[in-house]
S.K.: 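Here it is, the structure in full.
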Amino acid sequence: MNLIIDVGNTYIKIGVFDQSKIVAKKTIVQNDLDQEILDIHKKHPLIQQAIISSVSDLNPDTVKQIQGLYETLIVNHKIAMPFSNLYETPETLGIDRLALVAAAVDQYPQKNVLVIDAGTCVTYDFKNEKEEYLGGAIAPGIRLRYHSLNNYTAKLPLLEPKLPENHIGNTTNEAIHSGVVQGILYEIQGVIEEYCNIYPDLTVILTGGDAHFLSKRLKNGIFATSNFLLEGLNYILAFNNSR
Ligand SMILES: Nc1ncnc2c1ncn2[C@@H]1O[C@H](COP(=O)(O)OP(=O)(O)OP(=O)(O)O)[C@@H](O)[C@H]1O
Ligand SMILES: CC(C)(CO)[C@@H](O)C(=O)NCCC(=O)O
Ligand SMILES: [K+]
């Protein structure tokens, strides 16, 4: 069994995998990680290996703790990946984006795939049918958009995300919900359309903390799935074991 740790910008996602199947999953904050590692170690004594991916700073003592318990792979830009990376600055590419592309290669081999991860940021990542990663886009996530409207104006309130009633917002709150949530939906639809013009057979994956919320207003044919990044990391571990 494998322990999969995804340290995101806001939350840490932890998964326990038996081969390629996820058997437990938890979302926590950085402060709770050390305790959670111990709890999981007790609950799942069959875990032998761990993989850690981080886009933020992870306490070195926590990393040592994990390395003391398991044979641990820390994802960086040098480890083997199941695709060729055509990003012109691979050393600055987010580790989370590498993991998403690995999941796309594993689950949709020889397909043109666009992975959209809606979390703190909304990232777009594309790999083609030749298993080449070309790049994509980085945009602010839902919460970031609500916060920036509040932070950089005098009058705009900070709101909790909500699907807008109407495209035409007729109150301040509804206008913000329309601008933020409908704005992200237009962005996602527009990006998908651009890619579809070039790759008509495109497979689209939507994942991340806000995937479920956004998928309510997106058309069918987009695969909304919450564990894509963890699955990608689990695959990177298997891929590196087999080499
Ligand atoms: N208290 C909170 N703080 C931050 N985000 C929250 C909170 N509650 C809900 N969210 C939602 O969770 C989203 C974060 O997504 P996710 O669960 O993918 O975590 P993340 O660690 O920020 O992701 P990423 O992997 O992109 O770094 C935010 O856009 C927001 O809509
Ligand atoms: C874009 C984020 C913040 C999304 O989590 C992360 O992937 C990251 O820090 N990326 C580095 C820049 C890049 O991917 O080119
Ligand atoms: K993201």
Side-chain angles (χ1 to χ4, degrees), residues 4-15 22 25-33 36 51-58 62 74-78 81 83 85-104 113-127 133-151 158-164 176-177 179-185 187-188 191 204-218 222 224-234 236:
I4 314 297
I5 303 175
D6 157 34
V7 182
N9 302 285
T10 313
Y11 296 115
I12 298 179
K13 273 76 69 182
I14 301 185
I22 191 161
K25 186 199 158 178
K26 206 155 180 191
T27 300
I28 59 168
V29 293
Q30 176 100 229
N31 279 344
D32 297 340
L33 183 56
E36 190 60 38
I51 182 167
I52 307 174
S53 139
S54 174
V55 293
S56 83
D57 299 318
L58 192 54
T62 303
I74 298 172
V75 185
N76 60 34
H77 299 101
K78 291 179 197 134
M81 288 290 157
F83 54 88
N85 187 347
L86 304 189
Y87 211 59
E88 280 196 24
T89 58
E91 68 287 353
T92 69
L93 176 64
I95 301 294
D96 50 356
R97 301 176 68 193
L98 284 172
L100 294 168
V101 177
V113 183
L114 174 66
V115 184
I116 306 171
D117 184 333
T120 304
C121 296
V122 179
T123 52
Y124 299 86
D125 289 294
F126 176 75
K127 73 102 184 158
Y133 170 65
L134 302 193
I138 302 169
I142 293 186
R143 206 178 116 88
L144 213 51
R145 293 183 201 207
Y146 277 105
H147 273 265
S148 52
L149 289 179
N150 175 246
N151 279 344
L158 180 61
L159 305 178
E160 283 301 310
K162 176 179 155 301
L163 293 171
I176 292 173
H177 293 310
V180 172
V181 179
Q182 194 56 52
I184 284 204
L185 291 166
E187 175 187 298
I188 289 175
V191 170
V204 181
I205 307 299
L206 177 64
T207 191
D210 293 322
H212 183 69
F213 173 72
L214 291 170
S215 71
K216 292 178 198 153
R217 290 277 172 94
L218 287 165
I222 296 171
T225 164
S226 43
N227 300 328
F228 208 63
L229 208 160
L230 292 176
E231 288 161 5
L233 291 174
N234 189 53
I236 291 173

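Predicted, not measured: the structure shown is a model, and the values here were computed from it. Read the numbers this way: they start at 1 and go in the same order the structure lists the ligands and their atoms.
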S.K.: Between Val122, Asn9, Leu93, Thr89, flag the one that comes closest to atom 3 (C) of ligand 2 by a heavy atom.
M.R.: Asn9
S.K.: How about Asn151: does its CG atom have over 12 heavy atoms from other parts shown lying under 6.0 Å from it?
M.R.: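 Atom CG in Asn151 is crowded, with more than 12 foreign heavy atoms closer than 6.0 Å.
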S.K.: Return the residue, atom name and 0.1 Å-rounded distance of the protein heavy atom closest to atom 6 (C) of ligand 2.
M.R.: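 For atom 6 (C) of ligand 2, the nearest protein heavy atom is Asp96 OD1, 3.5 Å.
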S.K.: Could you state the interatomic distance from CG (Leu98) to NE2 (His77), rounded to the nearest 0.5 Å?
M.R.: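 These two atoms lie 5.5 Å from each other.
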S.K.: Where do His147 and Leu158 land on the side chain to side chain contact (heavy atoms under 4.5 Å, CB included) test, with the steps shown first?
M.R.: CA-CA 6 Å; His147 273 265; Leu158 180 61; 3.6 Å; yes
S.K.: To check your reading of the site, what angle at the K ion (ligand 3) do O of Asp117 and O of Cys121 form, to 10°?
M.R.: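 Taking the K ion (ligand 3) as the apex, the two atoms subtend 60°.
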S.K.: Could you say whether the N/O atoms of Arg97 and ligand 2 ever approach to under 3.5 Å?
M.R.: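 Yes, there is a polar N/O contact under 3.5 Å.
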S.K.: So, taking the atom named OG1 in Thr27 and the one named CG in Asp32, what distance separates them when rounded to the nearest 0.5 Å?
M.R.: 12.0 Å
S.K.: I need the minimum non-hydrogen distance between Tyr133 and Phe126, along with the two atoms involved.
M.R.: CD1-O, 3.3 Å
S.K.: Could you go step by step and tell me if Arg97 and Ile138 meet the side chain to side chain contact (heavy atoms under 4.5 Å, CB included) rule?
M.R.: CA-CA 10 Å; Arg97 301 176 68 193; Ile138 302 169; 3.5 Å; yes
S.K.: Which protein residues come within less than 4.0 angstrom of ligand 1, counting heavy atoms only?
M.R.: Gly8, Asn9, Thr10, Tyr11, Lys13, Gly119, Thr120, Arg143, Gly208, Gly209, Asp210
S.K.: For ligand 2, which atoms have a heavy atom of Thr123 less than 4.0 angstrom away?
M.R.: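 Under 4.0 Å from Thr123, ligand 2 has these atoms: 1 (C), 4 (C).
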S.K.: Would you say Gly94 has any N or O atom under 3.5 Å from an N or O of ligand 2, going by distance alone?
M.R.: yes
S.K.: Which option out of Ile95, Leu100, Thr92 puts a heavy atom nearest to atom 11 (C) of ligand 2?
M.R.: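 Checking each option, the heavy atom nearest atom 11 (C) of ligand 2 is found in Thr92.
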S.K.: Is the side chain of Arg217 donor-acceptor paired with the backbone N or O of Pro164 at a distance under 3.5 Å, no angle test?
M.R.: yes
S.K.: Can you tell me if NZ on Lys26 sees more than 12 non-hydrogen neighbours from other groups inside 6.0 Å?
M.R.: no
S.K.: More than 12 heavy atoms of other residues, nucleotides or ligands under 6.0 Å from NZ of Lys216: yes or no?
M.R.: yes
S.K.: Does CD in Glu91 sit with more than 12 non-hydrogen atoms of other residues, nucleotides or ligands closer than 6.0 Å?
M.R.: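 Correct, the count exceeds 12.
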S.K.: Which ligand 2 atoms does Tyr87 reach within 4.0 Å, using its non-hydrogen atoms?
M.R.: 13 (C), 14 (O), 15 (O)
